[in-house]
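Here is the structure we will look at, set down as structure tokens.
Heads up: numbering here begins at 1 and tracks the sequence.
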Amino acid sequence: MKTCPRMSSIRSDFERDIRFLTAYAERNAGTPPAKTSAKQAITVKRNMARAMSRHFARCPECG
């Protein structure tokens, strides 16, 4: 699937945030902030899927 540069930018920004939140949760396993970080990573994954889907539907180059 060929995508535009904006799609790649959206994906890389979200993936960076997910990696940061997941790594923090793994480093501090069992603590309340780590649990919150893990939950936020799941939310960010959902938001990424929503943003990419919305972009794909509206972008003339991707869709």
Measure the spacing between [atom1] of [X] and [atom2] of [Y] and express it to the nearest 0.5 Å.
| X | Y | atom1 | atom2 | result |
| --- | --- | --- | --- | --- |
| M52 | F14 | CE | CZ | 9.5 Å |
| E61 | M7 | CD | CE | 11.0 Å |
| I18 | Q40 | CD1 | CD | 12.0 Å |
| S53 | H55 | OG | NE2 | 11.0 Å |
| L21 | K39 | CG | NZ | 13.5 Å |
| S37 | I42 | OG | CD1 | 10.5 Å |

Any salt bridge (charged side-chain N to carboxylate O under 4.0 Å, His left out) involving residues 13-36? Give me the pairs, sequence neighbours left out, ordered by first then second residue.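 Sorted result for residues 13-36: D13-R16.
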If you take all heavy atoms of A34 and A25, which pair is closest and at what distance? O-CB, 3.5 Å
Any donor and acceptor pair, going by atom type alone, linking the side chain of S12 with main-chain N or O of S8 inside 3.5 Å? yes
What residues, two or more places apart in sequence or in another chain, satisfy side chain to side chain donor-acceptor pair (under 3.5 Å) together with N47?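 N47: side chain to side chain donor-acceptor pair (under 3.5 Å) contacts with R50.
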In chain order, what residues pass the side-chain contact (heavy atoms from CB on, under 4.5 Å) check against P33, with sequence neighbours excluded?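 P33: side-chain contact (heavy atoms from CB on, under 4.5 Å) contacts with Y24, T31.
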